[in-house]
4 protein chains.
Amino acid sequence: MTAEARPRLRADARRNRDRIIATATQAFADDGPDVPMEEIARLAGVGVGTLYRRFPDREALVVAVVRDSLATTLARARAAADSDAAAAADPATKADPATADPAAAEGRAWDALVNSLNPSHELRLTMRLTSLFSPTTAAAVRADPAITRIRREYAETLDALVLAAQAEGSLRPDVGSGDVAHLLSLAAYGLSRAPDATAEIAFDRARAIILDGLRAHPTAPLPGHPLTTTDLASE
Amino acid sequence: MTAEARPRLRADARRNRDRIIATATQAFADDGPDVPMEEIARLAGVGVGTLYRRFPDREALVVAVVRDSLATTLARARAAADSDAAAAADPATKADPATADPAAAEGRAWDALVNSLNPSHELRLTMRLTSLFSPTTAAAVRADPAITRIRREYAETLDALVLAAQAEGSLRPDVGSGDVAHLLSLAAYGLSRAPDATAEIAFDRARAIILDGLRAHPTAPLPGHPLTTTDLASE
Amino acid sequence: MTAEARPRLRADARRNRDRIIATATQAFADDGPDVPMEEIARLAGVGVGTLYRRFPDREALVVAVVRDSLATTLARARAAADSDAAAAADPATKADPATADPAAAEGRAWDALVNSLNPSHELRLTMRLTSLFSPTTAAAVRADPAITRIRREYAETLDALVLAAQAEGSLRPDVGSGDVAHLLSLAAYGLSRAPDATAEIAFDRARAIILDGLRAHPTAPLPGHPLTTTDLASE
Amino acid sequence: MTAEARPRLRADARRNRDRIIATATQAFADDGPDVPMEEIARLAGVGVGTLYRRFPDREALVVAVVRDSLATTLARARAAADSDAAAAADPATKADPATADPAAAEGRAWDALVNSLNPSHELRLTMRLTSLFSPTTAAAVRADPAITRIRREYAETLDALVLAAQAEGSLRPDVGSGDVAHLLSLAAYGLSRAPDATAEIAFDRARAIILDGLRAHPTAPLPGHPLTTTDLASE
DNA sequence: CATGAATGAGGCTTCATTCAT
DNA sequence: GATGAATGAAGCCTCATTCAT
């Protein structure tokens, strides 16, 4: 997934690496950013040495976890954008607006936008993590080239979705992809804490309300100007 | 500020205690939840011994900080509610809807609700803190009787504001005080991170969009049922 | 002994500090430069925490040990120089060269030089240490201002002794204080390894032979030019 | 190079083994006695596994390195002794003292002694190594039969050189081969540290002074008795 | 009471050594 | 045989907490 000089990992090493990242993601989410490395190793069923062979220090592990999670999120958003494009190319879909489901009347682009923002379990955990790590670690995360690239590509994908939704008139024109990303990351963050059904509902409701706020029926002018993703780069 | 048995601390001791809490609040906000106790003591200009005399252990200090911050927030929300009640009792205010400021057309209760949710510096810190502490410490915070009481009183105050806004027709009827608290805490949380102007704007815009979503113009039924604050107690 | 802002240490702290340095000096000599910090602490009868409170890391401890040892050595060399000066001022001492002990016929300055080079137990340990530490640590030692100052003062003292001995004709004129320091440090180094009587003898003999070589009876011109202490600064 | 049961290693394995020893010798000299085994393996271009196949543990590698180095040194000292013997047997050499180079007036045996003590690069490394390893490792080195044998043979060679030089009157009679070995090892040790020109000069000068001290012009009786190599066995 | 010195458990990381591929 | 992945013991250092001054 990265462009590093890591041509091929031995099968078992690869499996270990993947399991460590998955375990670490979960452990960080469960116990906070300070979970002992030994605990992570234990949960992953490996010795500390193996953990450190793969990730030179805690920071490297965190970066890998975030990188992995963001890559998944990007793939998801892209899939949503692509399926939207495919649907648009297929005249059979939503052929006649008049006969369409009124609840889905917002249009294809809107649906694509909403789908792309449905946070995966992984992303939720990452949302939480990125806000919990120490300033030093956060800086390391932002400095990672692979993460930077993913963020940029994600921003581009989201930009396209936002513009399409605004073109079809379903998304209010005075918001930018930065606003959208910010709001949805907030919603996802709220979800990431409690793992139970209530949190699930609270998230769904919050998301619905936020989406209502994003629809093209502004009741009052928004302050400032539409935020682009770049505006939030320092987030 | 709290309802504890406060056996009349000597003036200077009292000052010490207050300074420690203020310092700790700032230190937690600046450097994260792991600031060493010695660092806090140093910043407060006292020895560790003094710190430990006031707060038997780190958890007690955290609890005190959160308690203090929540108490301030509650007082602020109450003041907003009270001024609303006072305004309602005063026929001179907003006497004639026709002459009222159109931008404020949502009604007095709506304004009161919005005001009560304008996060103070203190609240922002608290938002950040409560989401950053370890699960263990978070549990200790929730278990604190004084904090529980404050949360309950805060919920009651918010309930009243929500009901009033729904009664006047400005707040959509399918939300509860839990939804409102959840959404606004999310917005405030987003703010608490970066202290720069961009974050300020992002927060203002996010809040505006959320408020639009909360207004009484539901475009689609919300999933589930209106959340009460109790629903979110485990958050 | 240093010019740091350490005005006064609490009596017990001071005692601990001294004991730690003494213990560390011995431990380094006995077990090499890698003695675990915990071992040093244990031998000194304190907890690791105390050790680290006084010396932020291993390097700081090493620097302190070397500094302490060099200071002792400097004091010793100075005492030798001073007693020589005092003797010279006292007409009763060695009043008549003709009646002096033939074995001591070399003169007062020579005796002073020899005395100043009688390595203390501490210095022997230090000799061994400075050559055993890692390049990084060695660099830290050389970078220490207090150590730099002591080395400079020591060089000045030795310079005076060397010049005096050459003036009285007992020390061969084609050597410098750098040569003298180098040779004697070699002898002392050899001594520092084995702690038994044999080593003691070997050292005494080696020193006697070296001193013979240093006497004013050069049988062959020495290569290069007389070394000054500065020439050996990188040693 | 050693007298072990060397069951005819395959050519490439043999090459591996030699490269590992050479690499390790250099690595120890460059980076100190704590170079990780993996680093040595990497520098030698083999995997750790291969390293451990040849040398069961770190101690075995160190012993092999020292053994190798000492064997080289012994060969050199023997060559010097042999050439001296050959020269002595050849009446053409130094036939007429009157026509001899005055600077070489000390005699053939003296020259042989001096030559045998001219430290090779290998010996310098060994000097450094043997003094840097931990007490435990140093003991293992001394306990190695091959090393013991080499030391013994070296002592015998040196004994012969010393006796010859004393017989011809160039070496003072009150020193033993132990004294000579001790002094020259000290000089060589001093050299092994800094690899620059200053160190070269300092070594040359120190050696010259020491040789002056060793010449047959004792100005004072030496303490103790002439040391044999055995006296220094524990060094 | 205030201070800051002492303690030691606990987390991070390294590396000698073993073992599966 | 060669390789390098896995293991875990051991050392460094931090910091919450206790206690002597």
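Owing to the predicted nature of the structure, the values given are computational and were not obtained by experimental measurement.
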Gap between atom OG1 of B:Thr50 and atom CZ of B:Arg19 - 0.5 Å precision: 10.0 Å

Kindly compute the distance separating CD1 (A:Ile20) from CZ (A:Arg53), expressed to the nearest 0.5 Å. 11.0 Å

D:Phe55 CZ - E:dA16 P separation (whole Å): 15 Å

Do D:Leu61 and D:Arg58 come close enough that some side-chain heavy atom pair is under 4.5 Å? no

Validation: residues 35-46 of chain D side-chain donor-acceptor distances under 3.5 Å, sequence neighbours left out:
{"from": "D:Glu39", "atom 1": "OE1", "to": "D:Arg42", "atom 2": "NH2", "distance (Å)": "2.9"}
{"from": "D:Glu39", "atom 1": "OE2", "to": "D:Arg42", "atom 2": "NH2", "distance (Å)": "3.2"}

Whole Å only: how far is the CZ atom of D:Arg15 from the P atom of F:dG1? 14 Å

Quick one: which of A:Val65, A:Val63, A:Thr136, A:Thr148 gives a side-chain contact (heavy atoms from CB on, under 4.5 Å) with A:Val141? A:Val63

To the nearest angstrom, the CZ-P distance between D:Arg19 and F:dA2 comes to 11 Å

Taking only the side-chain nitrogens and oxygens of B:Arg42, find out if one of them lies under 4.0 Å from OP1 or OP2 of E:dG4. no

Listed range with range, the stems formed with DNA chain E by at least 3 consecutive Watson-Crick or G-U pairs (under 3.5 Å) are E:2-21 with F:2-21

I want to check something: taking the side chain as every heavy atom from C-beta on, are D:Arg142 and D:Ile147 in contact at a cut-off of under 4.5 Å? no

Starting from P on E:dG4, measure out to CZ on C:Arg14 and report it in whole angstrom. 19 Å

Validation row: C:Phe55, C:Val62 side chains within 4.5 angstrom (heavy atoms): no

Gap between atoms CD1 and C1', on D:Ile20 and F:dT3 respectively (whole Å): 13 Å

With the sugar-phosphate defined as primed atoms, P, OP1 and OP2, and the base as all remaining atoms, what B/S/- string results for nucleotides 7-13 of chain E, 5' to 3', for protein heavy atoms under 4.0 Å? BBB-SSB

Check: C:Phe133 and C:Glu59 side chains under 4.5 Å, non-hydrogen atoms: no

Spacing of A:Arg17 atom CZ relative to F:dA5 atom P, expressed in whole Å: 13 Å

